[in-house]
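Remarks on the structure that follows.
Numbers restart at 1 for each chain; the letters A, B, ... are given by sequence-line order, proteins then strands.
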Amino acid sequence: MAPESILLVVVFAALTIYALLGGADFGAGVWEVNTALQASPKERKLLYSAIGPVWEANHVWLIFVLVVTFGAFPMAFAAICQALWLPLLLALGGIVFRGAGYALRSYSSDDRRQQFAWDVVFAVGSTAAPFFLGASVGALASGKLMLTDDGRFDGNFLTGWLSPMAVFSGFFVVVMCTFLAAVFLAREASNLADEELTRIWRQRAIATGIWKGLLSLAGVVYVASDAPQLWDGFRQRSWPLVAGAMAAGFLSLDSLVRERFRIAVGAAAAAVTAVIWGWAVAQYPLLVPPSITVEDAKAPANILWLLIATIALGSLLLVPALGYLFYLFKSGGRER
Amino acid sequence: MPNLVLLASADPAFNLLAARWQMALTLGTHIILAVFGIGMPVLLLAAEWRYLRTGDEIWKALAHRWSHVFAVLFAVGAISGTVLSFELGLLWPEFMRQFGPVIGFAFAMEGFAFFLEAIFVGIYLYGWNRLSKWTHWWCGVPIAISGAASAWFVVTVSSWMSTPRGFRLVDGHAVDIDPLAALLNPSTGPQTVHMLVAAYIVAGFMVAAVYARSLLIDGKCEYSRRAMALGLTMGAVMMPVQFVVGDWAAQSVAQVQPIKLAALEGQFQTQARAPLRIGGLPDAETRTTPYAIEIPGMLSWLGYRDVNAVVKGLDDFPPQDTPPVATVHIAFQIMVGLGVYLLLLSIYAGWFVVRRRRLPEGRWFLKLLVLAGPLSIVALEAGWVVTEVGRQPYLVHGVARTADMVTQAPYVGWLLLATVIIYGAIGAGTIAVLRLLARRELPENARGS
Ligand code: HDD
Ligand code: HEM
Ligand code: HEM
């Protein structure tokens, strides 16, 4: 396998993990917009404790995607940063507010008014970040960015990224995050054997799951009408993944109805994974449509191999450490 | 105050100015949080270790409370670090395009270090009641190691920008890249070590300053005394080391960045037996540095270990290649001056310990220590101004000019304004939360007398 292909897989794998773990964290924040006003202390506690210990680790996946992309595909990174600077900046703003809100409310006083202020900051940031990250991906996938052949941006810096596909993707990703969060939380509540919370989160998961299904259908229409090149890729290569995404979506809804939460979590994760890889496969070998291919963007081979070696060696440390973290806090372990 | 018309303009010259200020503001903020990320884990581990050895609840209370402080600073540090990762691409896309492959490796390694750090921070902070005591302690060790490692790797990028190695530039593309030569460029040794030692100094003196203040206000309290002792020990032990390392950094600058040395010292004319100038105000018009105390031959000796060595002056370099002299010279004076202050304080404390077998607690000493905390941060920032402004007008020295690398996107001025406001708000929030943490009651058994 060529080194650039290995790294491409690594980047998309990391992006997938970020979408799942970071996405669920974002989603929990979006739910707070709805629940901030009437949530019971118990509900709040579940939300908080689900995010706490793994918060930083989930966030670092994004950093990982960034650094590997710019080490391995510098030209793509530069082009993306130029063309999508505005939505990326807005997403960054969301991440900043969300992080600040989270950190400061966990340790601020028990004064409800102060807590409430940080809650609002947190919830708004949690919604803005996935929306604009999604919009950036949509703008990229639409193939409408005005890039010259040598990969420089030649469009309008304010509006060049805007397209129906970008806006749609923003909404889609927000709904995806809320769905993931609801499914994950339903499972955590059922692990804690808390019937009331399980019922609430199950209902929410089903409701957003139906929304997500409808949006996915709409998504197919958007791709077909707004991103013809991507549509060809879907039809020719990645239709099995798209079909798989739909099937997994149905399975997770079905398992939610039957209260089989483990399967629901697995199927929801599979659906999201299939959507991301469906996109990747459909646009390959383009990295930044319409003009930058993997071949154009890649760094020299010795750098790529060095990165691969680093990642492989680093994983020997990281994977056990991550496993330990999740084992401690996500396997339903009790306090001593 | 930047005026509003300028803010909205897409004038390239203004873009450059705004982008540089943006970079300076966000990096300058991040570095303050980063030094706590490097230094605090060491203090935490020390306190917890003492608790495990002695079973004394005061040490436990210290470690436990510091872990909350660390959590807040770490989270805010992570945010400001994320901002930087985006900013490199958003503000300097040409830089990333041309040199991404050269420095990508260092950033990838930094990324790994963060990852490990973040994982163990999660385990350590939430693991107080889930892990056995010693396991918990050991889970803190990777935090200290990876904090230092991440700083080491990212500073190699900065040292590479000063003395770029390991590539050739052909048609705006870096070719023949040797990532290890880039990583281990001539400035890497002194800069990374100097930065790490600075981190322990700042974290140590800041902690000592906080508790010196509470000793001054609330009177004697065993908890504050130990906290102060721990911080002061770390800072005071590192301070003499920093003098040796700073000298190493200065010699390295003399050898591989002669133009920066000339700016540091306000040396306009090439001269044998060049004097060390203490203070002084470089004047770019008259090409002199008046009002300085001059020690003849000292600069030649410091830079080259020979009082008669020739030091190249700024006038021997093309004018379009010289950095803003006054800023660099003054910043250097501030760093070294504050270094001397911190060193004297450290020596006094050390002497007192040797003579009396305990730390000094006189009111004057405590007052000077309260000052030392913020002043160490000033020294840190001044040092970075020396390094970064001294590299101008290049972003990558001798290779890429800052003006050619900046983004063409409009409204960077607005971005800067928004950043100032947002960082201000987050800074205020952080300080408010830290104050709240400080006011929490100590557990009954940890009050001591
Ligand atoms: C607590 C902070 C602190 C203290 C007390 C000192 N420094 Fe420093 N100095 C730094 C914190 C720092 C820094 C912020 O960490 C810098 C910026 C870049 C770097 O690597 O370290 C730096 C840079 C820096 C440079 C520029 C390196 C370059 O651009 O390649 C020189 C020549 C010195 N220092 C020399 C000294 C000397 C001779 C000191 C003796 C008193 C000294 N520093 C004390
Ligand atoms: C964390 C410590 C750092 C601090 C406090 C710092 C500080 C500064 C300052 C004061 C400037 C403004 C220079 C000017 O106005 O002329 C600047 C510029 C810059 N720094 Fe740093 N710097 C740090 C580390 C780094 C690192 C590790 C990088 C790695 C990429 C970096 C990249 C830049 C860039 C791209 C600019 C803008 C171009 C320029 O004006 O030189 N800095 N930084
Ligand atoms: C030389 C200056 C720098 C030093 C010493 C430094 C050091 C650190 C340290 C110790 C942390 C751990 C978090 C904490 O404890 O607060 C951190 C966080 C971070 N830094 Fe920096 N950093 C520097 C500059 C940069 C630059 C230029 C970037 C841009 C690529 C960057 C990106 C990050 C990121 C993304 C994080 C968050 C990681 C996390 O989530 O844990 N840093 N930095």
Side-chain angles (χ1 to χ4, degrees), chain A residues 52-57 59-60 62-64 66-68 70-75 77-82 85-86 88-89 92-93 95-97 99-100 102-104 106-109 118 151 153 157-158 299-300 302-303 306-307 310-311 314 317-318 321-322 324-325 328-329 333-336, chain B residues 68 71-72 74-76 78-79 81-83 85-86 88-90 93-94 96-101 103-105 107-112 114-123 125-127 129-131 142 175 177-179 407-411 415 418 422 425-426 429-430 432-433 436-437:
Chain A
V54 291
W55 160 272
E56 296 283 354
H59 172 76
V60 187
L62 174 66
I63 310 292
F64 187 81
L66 290 180
V67 295
V68 176
F70 94 56
F73 307 106
M75 185 177 168
F77 185 77
I80 291 172
C81 283
Q82 272 179 325
W85 76 279
L86 187 59
L88 286 178
L89 207 60
L92 178 61
I95 293 172
V96 167
F97 279 124
Y102 178 76
L104 299 182
S106 307
Y107 291 96
S108 66
S109 69
W118 290 122
F153 183 61
F157 275 109
L158 285 187
N302 64 333
I303 307 291
L306 185 68
L307 279 175
T310 314
I311 293 170
L317 279 176
L318 278 186
L322 258 180
Y324 187 47
L325 176 73
L328 274 179
F329 298 105
R334 285 283 109 77
E335 302 246 328
R336 276 153 49 99
Chain B
H68 291 312
V72 173
F74 183 82
V76 182
I79 304 167
T82 310
V83 171
S85 314
F86 276 90
L88 284 178
L90 293 173
E94 271 309 306
M96 288 290 111
R97 190 192 311 269
Q98 291 181 15
F99 304 104
I103 53 173
F105 176 61
F107 277 117
M109 294 298 290
E110 193 209 13
F112 265 111
F114 290 148
F115 223 138
L116 267 187
E117 193 175 0
I119 292 170
F120 282 97
V121 165
I123 296 177
L125 290 179
Y126 291 85
N129 300 321
R130 290 200 185 216
L131 301 168
V175 296
I177 300 171
D178 178 351
T407 175
Q408 300 305 312
Y411 309 119
L415 174 62
I422 294 173
I426 294 179
T430 309
V433 169
L436 266 172
L437 284 180

Honestly, the part of F99(B) sitting under 4.5 Å from a heavy atom of chain A is neither
Residue E94(B) versus chain A: region with a heavy atom under 4.5 Å: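 Side chain only.
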L306(A), L317(A), L88(A), L89(A): which one forms the most heavy-atom pairs within less than 4.5 Å of chain B?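 If we count pairs closer than 4.5 Å to chain B, L306(A) comes out on top.
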Given heavy-atom pairs under 4.5 angstrom as the criterion, report whether the side chain, backbone, both or neither of [X] touches chain B.
{"X": "V96(A)", "value": "both"}
{"X": "L322(A)", "value": "both"}
{"X": "F73(A)", "value": "neither"}
{"X": "I80(A)", "value": "neither"}

Quick one: pull up CZ in F112(B) and CG in L318(A) and give me the separation to the nearest 0.5 Å.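 Answer for the CZ-CG pair, F112(B) versus L318(A), is 5.0 Å.
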Quick check for you: to the nearest 0.5 Å, what is the distance between I79(B) atom CD1 and F74(B) atom CZ? 11.0 Å
Give me the atom names and distance for the closest heavy-atom approach of G111(B) to V60(A).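 Taking every non-hydrogen atom into account, O-CG1, 4.4 Å.
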Mutual orientation of the aromatic rings belonging to F77(A) and F70(A) [parallel < 30°, tilted 30-60°, perpendicular > 60°]: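 Answer is tilted, since the angle falls between 30° and 60°.
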Taking C-beta and beyond as the side chain, do I103(B) and M96(B) meet within less than 4.5 Å on heavy atoms?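 I103(B) vs M96(B): side chains touch.
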Can you confirm whether F86(B) sits close enough to L66(A) that some side-chain heavy atom of one is under 4.5 Å from a side-chain heavy atom of the other?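 Touching, per the 4.5 Å side-chain cut-off.
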Picking from G100(B), P101(B), G104(B), which has the most non-hydrogen pairs under 4.5 angstrom with chain A? P101(B)
